[in-house]
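Along the sequence shown, residues carry numbers from 1.
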Amino acid sequence: DDIVCCVCFNGDVEESNEIVFCDKCNIAVHQACYGITSLPEDEWFCRRCEKGTRDLSCALCPNREGAFKPTTDGRWAHVVCAMWIPETTFVDSNRMEPIGGLDKIPAARTKLTCTVCGTKEGACIQCSVPQCCVAFHPVCAATSSLR
């Protein structure tokens with residue numbers, strides 16, 4: 001029972017919001033967290049596996065594992081990153097794709113160094129506590145002990 005959604009990192013389920021597993025890579029996501037509008041009757045594949053590649057990189061962070069969705073500019077990004085980067089949006093909020101607004105991310109956000117992974121790759125967000133300047137990628141923060 002330690003199964004958690006790789007978008008919200010929570011394992012709670014409800015009748016209308018089950019955790020679904022990709023039949024190819026076994027990634028676990030809540031229906032609502034990944035934009036699955038109805039439970040699949042047979043096989044279900046995440047968008048990454050539908051594309052047929054494991055070699056994707058997130059346009060917003062250096063992490064290569066997780067729940068990806070296509071972006072409006074032809075790249076890919078984590079659903080988690082898109083949820084937390086203020087400038088990004090989901091064009092279709094029900095299907096949670098494509099991810100738009102990457103062109104609206106200010107250059108200053110891409111120059112921040114992630115406290116967790118130590119890189120400036122992608123775009124970071126900063127702590128919301130006043131006078132705290134800690135910067136991090138959403139996926140890095142979620143998968144670390146940073147709270």
Can you name the residues that form a side chain to side chain donor-acceptor pair (under 3.5 Å) with [X], not counting sequence neighbours?
X    : result
D55  : R64
Q126 : none
T71  : D73
E50  : R47

Notebook entry, point to check: Who else is in the cluster with V4 when I, L, V, M, F, W and Y are joined by side-chain contacts under 4.5 Å?
Noted result: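 Other cluster members: none.
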
Check: Under a single-linkage rule joining Ile, Leu, Val, Met, Phe, Trp and Tyr whose side-chain heavy atoms are separated by less than 4.5 Å, which residues share a cluster with W76?
Finding: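 Other cluster members: L56, F68.
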
Taking side-chain contact (heavy atoms from CB on, under 4.5 Å) as the test, write out the residues that go with [X], two or more places apart.
X    : answer
P130 : none
E43  : D23, F45
Q31  : N17, E18, V20, I36, L39
D92  : N94, R95

Rounded distance (nearest 0.5 Å) linking atom [atom1] of [X] with atom [atom2] of [Y]:
X    : Y    : atom1 : atom2 : result
N26  : I3   : CG    : CD1   : 8.5 Å
T88  : D103 : OG1   : CG    : 11.0 Å
E121 : S57  : CD    : OG    : 7.0 Å

Nearest heavy-atom neighbours spanning [X] and [Y]:
X    : Y    : result
A59  : L102 : CB-CD2, 3.6 Å
C58  : N63  : CB-O, 3.8 Å
A123 : I85  : O-CD1, 3.5 Å
A67  : I27  : N-CD1, 3.4 Å
C127 : F136 : N-CE2, 3.8 Å
C6   : G66  : SG-C, 4.4 Å

Check: Does the side chain of P138 reach to within under 4.5 Å of the side chain of H78, using non-hydrogen atoms?
Finding: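 They are not in contact (no side-chain heavy atoms under 4.5 Å apart), so the answer is no.
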
Notebook entry, point to check: Would a 4.5 Å heavy-atom cut-off, applied to side chains only, mark V7 and M83 as touching?
Noted result: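 Answer yes - side chains close enough.
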
Notebook entry, point to check: With sequence neighbours left out, what residues match W84 under ring-ring contact (aromatic ring centres under 6.0 Å, His included)?
Noted result: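 Residues passing ring-ring contact (aromatic ring centres under 6.0 Å, His included) with W84: none at all.
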
Next item on the list: Please list, chain by chain and in numerical order, all residues satisfying ring-ring contact (aromatic ring centres under 6.0 Å, His included) with H137, sequence neighbours excluded.
Entry: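 Per chain and number, H137 pairs via ring-ring contact (aromatic ring centres under 6.0 Å, His included) with no residue.
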
Notebook entry, point to check: Do V13 and F21 share a hydrophobic cluster, counting only Ile, Leu, Val, Met, Phe, Trp and Tyr and linking them when any side-chain heavy atoms are less than 4.5 Å apart?
Noted result: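 Looking at the clustering, F21 is in the same group as V13.
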
Next item on the list: Report whether V80 and L112 are members of the same hydrophobic cluster (ILVMFWY, side-chain heavy atoms less than 4.5 Å apart, transitive linking).
Entry: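 Per the 4.5 Å side-chain linkage, V80 and L112 are not co-clustered.
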
Could you check whether any side-chain N or O of [X] sits under 3.5 Å from a backbone N or O of [Y], counting only pairs where one atom can act as donor and the other as acceptor?
X    : Y    : result
K24  : G52  : no
H30  : E14  : no
T110 : A107 : yes
T115 : A135 : yes

Note to self: If you apply the rule side-chain contact (heavy atoms from CB on, under 4.5 Å), what do you find for I105 with L60, and how did you get there?
What the structure shows: CA-CA 10 Å; I105 298 172; L60 302 169; 3.4 Å; yes

Checklist line | Check against side-chain contact (heavy atoms from CB on, under 4.5 Å), C81 and V139 | finding: CA-CA 6 Å; C81 290; V139 171; 3.7 Å; yes

